[in-house]
Protein chains: 2
Amino acid sequence: MPSVQLSRETLLPKLAAHVLEHGLGGASLRPLAKAAGTSDRMLIYHFGNKETLISELLGHIATIYSAALDTALGGERARTRQECAARILAVGSQPEMQAFLVLWWDIVAGAARGLPGYREAAAQMMTQQLAWLEGQMPADDPDPAGGARYLMTMIEGTLMLSAVGHGDTALQGLLAGGLLPS
Amino acid sequence: MPSVQLSRETLLPKLAAHVLEHGLGGASLRPLAKAAGTSDRMLIYHFGNKETLISELLGHIATIYSAALDTALGGERARTRQECAARILAVGSQPEMQAFLVLWWDIVAGAARGLPGYREAAAQMMTQQLAWLEGQMPADDPDPAGGARYLMTMIEGTLMLSAVGHGDTALQGLLAGGLLPS
DNA sequence: TGCTCCATGTAGCAATCGCTACATTAAGAT
DNA sequence: ATCTTAATGTAGCGATTGCTACATGGAGCA
C-alpha cells in the first residue's frame, strides 16, 4: 500500500514538530492529530495504534537529528581535541538545538525504562553522533577512535549536568581534563 | 499543624517506593494513594494538589538518594583516580541502584523541561554526589576539586550512554581517557 | 452535654485518554 | 452502470485524570 506509506511520511514531520515543542510525555492522540491537521481517528487508521505511531515517530526524529547534525557542521576536521570538543559544545548550545536537547532527555528516560522504540532511536542518534565526532577528530590524533569515544562521554556528561543546573560543574571538569583552554 | 506534617512524612516513603518502581511519568493520584494505603482524596487533602505532592516527593527522593550514597560507600579515600572512577561505577551497577537510575532519567527529563521541583531535586542529588566524589579523591591528587568534577562529568556521560545501549562506547572512552586500567 | 474542628469516606464532576462502530464519500475496476 | 475498496467524518464507549461537594466520625474543649 504505497498510499499508506505516503500518508505516514506526510504526517510524521508535523507530528515531529509537535513533539519537539511539547515533549513526548504528554503526547496524546488528539493534540497530535490537531497539529498534523487530521483527527485521532486517522492517526490510528494510518499507524494502527499509538505505540506504533510513537516508535515510527522516534525513528523519524532520529533521522531529522542526523540531518541537523550534518547541516550544523561542515566536514573539515578539527586541529586539536580541544577544538573538537568546543565545536560540538557549540552545536549543542545553538538555539535551534534546544528543543532537540529537551526532547532528548525524554527519549533517554524512555530508553532507560524500556519503552518500545525509545532505545533504538536513542542508540541510532548516539551512533550518528559518534560517527560525526570521529570525522571531526584531528588528523594527527594518536587514537581517533578512542578519542572520539572519550570526547563523546565527556560531552554527554556535560549536557546532562547542564540540564540539571550543574553546567558549571561540567565546565570545570572539562577544564581539569584539559578539554577546554584554561 | 504538626499532624499534617507528620502525615506528609508518613506518606512520602511509601509514595517514593511506588515512584521508584513505576516511574514519575505515569504517576497518578489513585495508584499513588493505593500504594500509600490511602485515597486520592487524602493525598490532595495533605498536599493541596498534585504539583506540590510531586515537588515534595522529589525532595524526599533526593534525601533518600543521599542516604543511599552514604550507605553504599565507606568514607576512606581511593588511592588513584582510576580506583575512584571504578568505585562510583560499581555503585551505579549495584542492583538496588537500578531503580534509582531509571527514575533519575525521569527527573533529568523533567528538569530539562522546567517542571516545578525537578531541577531543584536533580541539582541537590548532583551536589551530594559531587561532595561524595571529592571526599573519595586520592589524598595526593594534584587537583582534587577539578579532578572530582572531571570524574563526575565522565561518570554521568557513561551512565547516560549506558542507558541508551551505548555502554561499550562509554567504556572505550573511559579506557582512552586513562580512567580504566587497560 | 453540647460545640468545634480535624480527619476521612463516598460519590461524583468535567475533561481527557486510546480506540472503535458505523456511515459516507469518491475513485478506480469491470 | 455497477461494484469494490481505500479514506474519512461523526459519534461514542469505557476507563482514567485531577479535584471537589457533602456527609460523617471522633477527639478535645466548654
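Just so it is clear, the values below take in all heavy atoms, side chains as well, and ignore hydrogens, waters and symmetry mates. Chain identifiers are assigned alphabetically (A, B, ...) following the order of the sequence lines, protein sequences preceding nucleic acid strands; residue numbering begins at 1 within each chain.
Across all strands, A/S39 comes closer than 4.0 Å only to sugar-phosphate atoms, never to a base (heavy-atom distances).
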Notebook entry, point to check: Going 5' to 3' along nucleotides 14-20 of chain C, which nucleotides have protein heavy atoms under 4.0 Å from the base (write B), which only from the sugar-phosphate (write S), and which from neither (write -)?
Noted result: ---BBBB
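The phosphate of D/dT8 (OP1 or OP2) has a side-chain N or O of A/H46 nearer than 4.0 angstrom.
Within the structure, salt bridge (Lys or Arg N to Asp or Glu O under 4.0 Å) pairs that include any residue of residues 18-29 of chain B do not occur (at least two apart or interchain). For residues 27-36 of chain A, the set of pairs meeting the salt bridge (Lys or Arg N to Asp or Glu O under 4.0 Å) definition, not counting sequence neighbours, comprises A/R30-A/D40.
Between A/W105 and B/W105, the angle of the ring planes stays under 30°, which puts this pair in the parallel group of the 30/60° scheme.
Side-chain contact check for A/T38 and A/H46: no donor-acceptor pair (N or O, by modelled atom type) lies under 3.5 Å.
The pair B/R149-A/D168 does not meet the salt-bridge criterion, since no charged nitrogen lies less than 4.0 angstrom from a carboxylate oxygen.
Listed candidates were D/dA6, C/dG9, C/dC6. Nearest to the side chain of B/M42 is C/dG9.
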